[in-house]
Asks: 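First the structure, which I've put down as structure tokens, then a few questions once you've had a look.
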Amino acid sequence: MSEIIALTGATGAMGGEVLLSLLQSERRFKVRAIIFEKEKTIPAFVKKTLRKYRDRVEYFKGDIARYDDCVKLIDGVNYVINCASLIPPKSDHDPEGTYKSNFVGTKNIVDAIIASGRADEIGLVHIATVAMYGHRAYPHFWIRVGDPVISSDFDVYSKQKLKAEKYVLESGLKKFVSLRQTAVLHKYMFTNNLKDGLMFHTVFNGALEWVTDADSGNLCKKVVEMDVNGELDGFWNKIYNIGGGEDCRVTGFETFDQCFALTGRSAKKYFKPNWNITRNFHGGWFYDSDELENILHFRRETNQDFWKRMGKKYGYFKLAKIIPASLISTFAIKRLFKSTNSPKYWLKHGKESRVKAFFGGREQYEKIPDKWENYNLLCDGKLEDGSEVDYHMLKSVKNAEARLLDHGYNDKKPLESLTLDDLQSAAEFRGGKCLAKNYEGGLLHEKLLWKCRDGHEFTLTPFTVLKGGYWCPHCCEPKPWRYGAVADIPFYGQVYFDSHDENETEDIYPVFEHEEDFIIKKL
């Protein structure tokens with residue numbers, strides 16, 4: 001009999017590709033998908049897939065935020081692939097829905113697997129996100145598993161994804177994997193980005209490693225295929241970063257430039273440098289990006305391949321060559337200044353906490369040049385202060401080791417050989433202690449008692465601390481967002497102060513809870 005795979009998020013950019021890839025597999029998998037009951041329309045791409053493979057796909061309307069629907073979803077399945085997530089920009093406008101989709105839904109899936117009586121048999125593939133690493137700036141663009149997880153200010157999406165992943169890691173499941181997905185190049189990018197000010201959240205000098213929607217779908221298919229074939233020894237119960245690799249590593253500006261090249265022009269013809277934020281988003285280059293590729297061999301496309309695909313799909317972009325760039329900029333981009341997600345809106349309407357979070361304050365914003373000839377681009381070999389840097393050397397993984405974050409212990413040792421001294425060293429780097437009296441190497445998923453610098457005692461597994469990048473749930477999951485309060489802890493400060501001044505500490509956002517569009521109290 002064919003294996004049965006439960007799938008959430010099938011109508012999304014990644015989930016739709018996972019659905020298609022699973023159904024195209026020679027293993028002839030059966031797929032059971034839950035479609036969010038409030039989904040107004042199912043994308044044509046997904047409808048076509050459901051029709052074509054209707055003999056092997058079952059789907060029902062429901063909500064993973066309801067436990068009973070998750071019980072129904074996982075009944076009798078062999079694998080669960082959890083792609084469901086409310087992502088930006090929708091998550092920015094619906095924090096309550098984000099909480100339900102990104103955290104409650106994951107919790108219900110995990111609880112349903114545990115209660116099924118088949119918890120040791122069901123493989124859970126949980127899709128996490130690069131957004132959990134928060135903003136990364138020069139010189140620490142390189143990210144790897146074990147780095148601190150820090151939600152950017154106001155990012156309810158990553159905050160709930162953090163809670164969800166930690167629930168998976170601490171659940172005691174015997175067969176899970178968390179895949180931290182990088183930025184995805186997907187077929188809905190143009191329509192989605194022309195509806196909201198989110199496009200202005202791309203940092204021009206920020207590092208981004210992309211992966212295509214099709215490759216992400218192929219990856220998930222490969223996980224199931226290879227596991228069924230007994231080819232994934234040592235794969236499960238870990239965290240991996242999903243990235244497209246060397247050919248997919250660029251900056252924010254280069255991303256815009258590659259996109260607008262479809263119109264025959266540079267992004268400079270459509271944007272000004274002071275339209276976009278300078279910090280407080282997310283993204284980076286994955287130092288361990290090739291680890292998954294070496295196991296699964298899932299990559300088939302580069303950035304350039306994707307843009308060629310989009311050029312064929314949206315042939316009308318070529319017509320832009322005969323339309324003045326100023327008109328396109330005015331009617332396609334500047335109109336989004338009115339979006340509540342746009343920096344121009346924050347500046348006009350006195351959203352000072354957002355201006356502070358995303359620029360460092362109005363004074364810092366005013367210093368940004370409004371002409372490209374006065375703006376220093378990293379991809380051109382210039383740091384923000386104008387000093388020169390070898391950009392190609394900077395983004396070469398061969399030179400990356402010197403720019404990696406410190407994890408506070410000898411992370412080159414095999415995890416199975418770590419000792420109590422290693423755990424103590426990691427805890428001290430986080431400002432606290434490991435309170436375990438003894439530790440047998442290899443028991444990475446057995447909970448231990450820890451203590452933070454402020455005296456809070458909590459239990460986490462060594463794996464969650466060392467490879468998850470998590471720490472005290474009271475101090476290091478700030479409510480709301482005040483990572484400046486823990487920035488004097490070396491583990492966090494080494495990345496936080498790359499984009500923050502030394503005086504940006506716990507009282508930096510005193511008006512957070514008074515903003516009308518900030519609803520964290522409801523959560």
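Being a predicted model, the structure only gives us computed values, none of them experimental.
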Asks: Output all residues satisfying salt bridge (Lys or Arg N to Asp or Glu O under 4.0 Å) with R56, sequence neighbours left out; order by chain, then residue number.
Replies: none
Asks: Under the ring-ring contact (aromatic ring centres under 6.0 Å, His included) rule, collect the residues that match up with Y79, sequence neighbours excluded.
Replies: none
Asks: Applying salt bridge (Lys or Arg N to Asp or Glu O under 4.0 Å), name anything that partners D94, two or more places apart in sequence or on another chain.
Replies: none
Asks: Would you indicate whether E121, at its atom CD, is surrounded by more than 12 heavy atoms from other residues, nucleotides or ligands within a distance under 6.0 Å?
Replies: yes
Asks: Can you name the residues that form a side chain to side chain contact (heavy atoms under 4.5 Å, CB included) with V168, not counting sequence neighbours?
Replies: T106, V110, L124, H126, F176
Asks: Quick check on side chain to side chain contact (heavy atoms under 4.5 Å, CB included): which of D68, N108, I34 does L73 satisfy it with?
Replies: I34
Asks: Can you tell me if N205 uses its side chain to pair, donor with acceptor, with the backbone of L378 under 3.5 Å?
Replies: yes
Asks: Looking at K175 and D227, does any basic side-chain N land under 4.0 Å from a carboxylate oxygen?
Replies: yes
Asks: Got a sec, which pairs hit ring pair (Phe, Tyr, Trp, His ring centres under 6.0 Å) with one end in residues 208-239, sequence neighbours left out?
Replies: F235-Y240
Asks: Applying ring-ring contact (aromatic ring centres under 6.0 Å, His included), name anything that partners H392, two or more places apart in sequence or on another chain.
Replies: none
Asks: With sequence neighbours left out, what residues match F281 under ring-ring contact (aromatic ring centres under 6.0 Å, His included)?
Replies: none
Asks: Which pairs of donor and acceptor atoms, one on a side chain in residues 324-334, lie under 3.5 Å apart (sequence neighbours left out)?
Replies:
{"residue": "S329", "atom": "OG", "partner": "Y270", "partner atom": "O", "Å": "2.8"}
{"residue": "T330", "atom": "OG1", "partner": "S326", "partner atom": "O", "Å": "2.9"}

Asks: Under the side-chain contact (heavy atoms from CB on, under 4.5 Å) criterion, do V145 and E291 qualify, and how do the steps go?
Replies: CA-CA 11 Å; V145 169; E291 188 170 350; over 6 Å; no
Asks: Hey, are E37 and R66 close enough for a salt bridge, meaning a charged N less than 4.0 Å from a carboxylate O?
Replies: yes
Asks: Output all residues satisfying side-chain hydrogen bond (donor to acceptor under 3.5 Å, both in side chains) with K222, sequence neighbours left out; order by chain, then residue number.
Replies: none
Asks: Go through the structure and list residues passing side chain to side chain contact (heavy atoms under 4.5 Å, CB included) with A13, not counting sequence neighbours.
Replies: H186, Y188
Asks: Residues two or more places apart in sequence or in another chain: which of them pass salt bridge (Lys or Arg N to Asp or Glu O under 4.0 Å) with E58?
Replies: R32
Asks: Only pairs at least two apart or in different chains count here, so list each side chain to side chain donor-acceptor pair (under 3.5 Å) that has a residue in residues 39-51.
Replies: T11-E39
Asks: Is it true that D147 and R180 have a side-chain N and a carboxylate O under 4.0 angstrom from each other?
Replies: no
